[in-house]
Structure formats: structure tokens, C-alpha cells
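Let me begin by presenting the structure, written as C-alpha cells, before commenting on it.
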Amino acid sequence: MPLLLAGLLLSGCTPAEDKPAKARTPVSAQALQAVMPAFDQQWAMRKLWEDGLAEVATYDAERVIYKKKRLFEYTQITVKEAFNQQFNVKTDDYKRDDLFPVMKINQFCSIQTDQYPYHYLTSLFFRRDQPVSLFKMSSSSQEWCGNTFKSIIDDGVNFEMWFHSYWDGQGDNNRDLRRDIILEDALPYTLRALRFDQKPSFNLTVLDLQQTNKATPPVYYQARLTTAEAPAADAAEPAWRVALVLAPGKESVYWFAKKYPNILLRQATWDGRTLRLKSVRRYAYWPK
């Protein structure tokens with residue numbers, strides 16, 4: 001008995017071995033089956049994304065803040081990364097056996113107002129072969145009143161948002177989200193994978209914009225998407241025009257280049273946000 005007790009105590013005090021987490025397979029793709037035929041699931045599997053560089057697209061932008069249009073520069077970065085399943089982030093060890101490829105989309109801007117500047121950074125992650133179903137998101141805002149941070153992750157079981165806000169009534173909390181959604185923030189990436197030649201038209205559920213300084217309850221739009229060839233005057237090169245009616249009086253329009261990789265050329269959303277492509281390059285923006 002003393003030996004058995006000693007053995008139990010010893011085993012209870014011994015730290016458990018840190019084992020890699022099991023693979024996490026998002027199930028949100030199942031909830032989006034109705035819209036999947038309209039998208040090319042292999043869109044991000046092209047050789048273009050294998051060169052180790054990031055696509056850095058810079059836009060002239062407008063957004064209404066304090067009831068005034070603000071002019072600023074908006075940058076969207078699209079790049080392939082290797083995640084590890086244990087920590088669910090970009091790996092530093094490429095010899096691990098739990099790696100999987102993702103596409104990262106970073107959206108950054110700094111907006112000057114009459115009072116003080118606003119800073120936004122949103123990071124969206126999609127499994128490389130799943131351009132429609134969101135795998136992970138984080139979005140933060142910083143201005144003189146405070147910080148707001150929101151994150152969404154699909155762990156294969158839950159699909160939820162955690163948020164930390166300086167606004168009264170919002171504070172620190174989490175909430176479950178519907179699985180059959182496409183984030184409004186993700187449309188500049190996800191819509192690039194449309195099967196444009198088929199001129200798809202379909203219904204979808206859109207979660208309202210998360211690149212804000214608030215953490216209000218989610219708004220789900222039962223939206224209608226239509227695709228058409230853009231008039232030549234709409235864009236500087238041949239383009240597709242994708243219109244999204246979120247609700248009566250709320251229509252957003254996106255223009256994508258016809259040639260691969262179907263870069264977003266213009267955007268005009270119902271709430272006054274606009275983008276117009278200024279430049280695009282492939283670039284190693286990280287220091288060595």
C-alpha cells in the first residue's frame with residue numbers, strides 16, 4: 001500500500017507530456033454547402049501563391065466617420081502561410097508533422113479625423129482549399145477613446161466570437177455565431193473565388209462588418225448576390241461586377257479583374273465605404 005500510494009502521488013505531481021493537438025477540421029464548410037457550387041475551391045491552390053511573396057494591394061479609400069467622408073489609404077495583404085495545429089498560428093518550425101496551409105488576408109488602414117486618428121487591422125484566415133468558410137479572424141481598432149478587439153475561430157466544434165471592448169454594455173464576453181455565414185469583411189477575398197464565367201446568382205447569409213470600434217451583437221443579412229460583366233467605364237481593365245443586396249436600400253458592389261488572380265479593383269458599399277485600386281505588387285514585407 002505505501003508503495004502504491006507513493007506511486008500515485010508521484011504520478012500526480014509529474015507534469016503531463018505536452019502533446020500536439022489533434023487536427024481540427026472546420027465544419028462550417030458543411031453549413032455553406034448551398035453556396036459552394038458557385039465557388040472554385042481550388043482558387044488558392046495555383047502556383048502563384050508558392051513563390052513565398054505576399055500580394056500587397058493598396059487602395060485609395062473613403063469611409064464615413066463622425067458623419068464626414070474621410071480619405072485615406074487602405075492596404076490588403078494576401079499570402080500563403082503554414083499553420084501548426086497545436087497553436088493555430090503561423091509556424092516557426094517547418095519540420096513539425098502537424099502543419100497545414102492557410103491563406104492570410106490582412107486589412108490595414110489609418111484614418112485621420114478632426115479629433116484623432118483611427119487605426120484598424122483585421123486578419124482573416126482560410127484553409128488554402130476552402131476560400132469560402134472562415135477558419136479564423138481577429139480584428140482590432142485603436143483610437144484615443146480606447147481599444148476594441150474581436151476574434152472568431154472555428155475549432156471544429158464551436159464557431160464563436162470573443163470580444164474585448166471599451167464600450168459600456170459590451171466589455172469582455174463571447175457569443176456563438178451561425179455557421180452558415182460569410183463575413184462582410186471577407187468578401188474582398190472570398191468573392192475572388194467565384195466561378196465568374198458562370199455568372200453566378202444565389203442567396204447567402206452575410207455577417208455584418210466587424211472592422212469597427214464596437215462589439216455590438218451580430219447582424220445577419222439574408223443577401224442576394226448577382227454577377228455580370230462590368231461596363232468598360234467601370235474599371236481600368238476588363239472586370240466582373242458583383243452586386244450584393246443585403247437588405248432593402250443596402251446594396252454593395254465589388255469589381256474584380258477578369259484575369260487571375262481576380263484582384264479587387266473597386267468596392268462601393270451601402271454604408272459609404274469605397275476602395276479603388278492604386279497599386280499591387282508581390283513583396284516580402286517581413287524583415288529577415
Side-chain angles (χ1 to χ4, degrees), residues 26 39-61 72-85 87-96 99-111 119-142 149-154 182-194 209-211 235-237 239 254-267 273 275-288:
F39 294 90
D40 176 7
Q41 300 303 309
Q42 299 300 303
W43 181 87
M45 303 302 289
R46 305 277 189 97
K47 189 176 180 180
L48 170 69
W49 307 103
E50 302 286 353
D51 63 3
L53 303 178
E55 175 194 87
V56 181
T58 304
Y59 296 86
D60 289 323
F72 57 99
E73 194 171 84
Y74 185 95
T75 299
Q76 178 163 286
I77 299 167
T78 306
V79 64
K80 180 179 79 71
E81 292 185 344
F83 263 35
N84 64 57
Q85 293 166 353
F87 299 107
N88 229 17
V89 295
K90 181 181 178 181
T91 194
D92 287 330
D93 180 2
Y94 290 88
K95 295 181 180 180
R96 297 176 61 113
L99 303 183
F100 62 98
V102 302
M103 297 298 289
K104 177 180 76 175
I105 301 90
N106 271 357
Q107 301 166 339
F108 171 78
C109 60
S110 178
I111 309 173
H119 303 281
Y120 292 111
L121 175 61
T122 299
S123 294
L124 302 147
F125 299 90
F126 293 80
R127 288 178 180 263
R128 192 178 176 194
D129 61 349
Q130 296 180 12
V132 180
S133 54
L134 178 74
F135 177 65
K136 180 180 177 181
M137 184 213 79
S138 63
S139 187
S140 62
S141 74
Q142 304 84 35
F149 178 79
K150 289 171 272 190
S151 67
I152 300 173
I153 190 164
D154 186 346
I182 296 177
L183 269 67
E184 187 173 354
D185 307 70
L187 292 172
Y189 171 75
T190 294
L191 295 183
R192 295 173 74 173
L194 281 171
L209 188 73
Q210 297 304 306
Q211 193 180 80
E237 62 180 277
Y254 303 82
W255 289 264
F256 295 93
K258 281 192 172 183
K259 65 181 180 183
Y260 189 86
N262 313 108
I263 188 77
L264 177 69
L265 301 173
R266 285 180 58 195
Q267 171 183 304
R273 287 176 293 116
L275 298 176
R276 186 178 289 271
L277 185 65
K278 184 178 180 180
S279 66
V280 61
R281 56 179 170 157
R282 299 197 64 77
Y283 179 55
Y285 67 90
W286 45 88
K288 294 182 179 180

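Keep in mind that this is a model prediction, so the values were computed, not measured. If you read the sequence from its start, that first residue is 1, and numbering goes on from there.
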Option passing salt bridge (charged side-chain N to carboxylate O under 4.0 Å, His left out) with D51 (candidates K80, R46, R282): R282
Ring center gap for F83 and F125 short of 6.0 angstrom: yes
Non-neighbouring partners of Q210 that pass side chain to side chain donor-acceptor pair (under 3.5 Å), sequence neighbours left out: D208
Side chain to side chain donor-acceptor pair (under 3.5 Å) partners of S139, counting only residues at least two apart: T122
Partner set under side-chain contact (heavy atoms from CB on, under 4.5 Å) for P261, not counting sequence neighbours: W43, L48, W49, E55, R192
Heavy-atom side-chain contact between S138 and K150 under 4.5 Å: no
Min side-chain heavy-atom separation Q76-I105 under 4.5 Å: yes
Approximate separation, where rounding is to 0.5 Å, of F72 CZ and C109 SG: 4.5 Å
With sequence neighbours excluded, residues passing salt bridge (charged side-chain N to carboxylate O under 4.0 Å, His left out) with E237: none
Full working for side chain to side chain contact (heavy atoms under 4.5 Å, CB included) between L187 and Y254: CA-CA 9 Å; L187 292 172; Y254 303 82; 3.4 Å; yes
Side-chain heavy atoms of V132 within contact of Q41, under 4.5 Å: yes
Under the side chain to side chain donor-acceptor pair (under 3.5 Å) test, residues paired with E184 that sit two or more places apart: R273
Heavy-atom donor-acceptor pair, D185 side chain to Q211 backbone, under 3.5 Å: yes
Stepwise side chain to side chain contact (heavy atoms under 4.5 Å, CB included) check, L134 with D154: CA-CA 8 Å; L134 178 74; D154 186 346; over 6 Å; no
Listed partners of D92 passing side-chain contact (heavy atoms from CB on, under 4.5 Å), at least two apart: none
Under the side-chain contact (heavy atoms from CB on, under 4.5 Å) test, residues paired with S151 that sit two or more places apart: F149, W162
Residue list, side chain to side chain donor-acceptor pair (under 3.5 Å) with S110, at least two apart or on another chain: H119
Flag, side chain of R128 to backbone of A44, donor-acceptor distance under 3.5 Å: yes
Heavy-atom closest pair, residues P188 and F256: O-CE2, 3.7 Å
Set of residues satisfying ring pair (Phe, Tyr, Trp, His ring centres under 6.0 Å) with respect to F39, sequence neighbours excluded: F202
All salt bridge (charged side-chain N to carboxylate O under 4.0 Å, His left out) counterparts of K136, not counting sequence neighbours: none
Nearest heavy-atom neighbours spanning L264 and L277: O-CB, 4.0 Å
Side-chain H-bond candidate by donor/acceptor type, Q142 with S140, under 3.5 Å: yes
Side chain to side chain contact (heavy atoms under 4.5 Å, CB included) assessment of T78 paired with M103: CA-CA 7 Å; T78 306; M103 297 298 289; 4.0 Å; yes
Atom pair CZ/CG of R96 and N84 - distance to nearest 0.5 Å: 4.0 Å
Parallel, tilted or perpendicular, as decided by the 30° and 60° cut-offs, for the rings of Y285 and Y283: tilted
Set of residues satisfying salt bridge (charged side-chain N to carboxylate O under 4.0 Å, His left out) with respect to R281, sequence neighbours excluded: none
With sequence neighbours excluded, residues passing side-chain contact (heavy atoms from CB on, under 4.5 Å) with A186: L124, F126, L183, T190
Stepwise side chain to side chain contact (heavy atoms under 4.5 Å, CB included) check, L275 with D60: CA-CA 6 Å; L275 298 176; D60 289 323; over 6 Å; no
Check: A257 main-chain N/O paired with N262 side-chain donor or acceptor under 3.5 Å: yes
Where A61 and Y74 come nearest, the two heavy atoms and their spacing: CB-CB, 3.8 Å
Sub-4.5 Å side-chain heavy-atom contact between L53 and V79: no
Validation row, ring centre F100 to ring centre F135 under 6.0 Å: yes
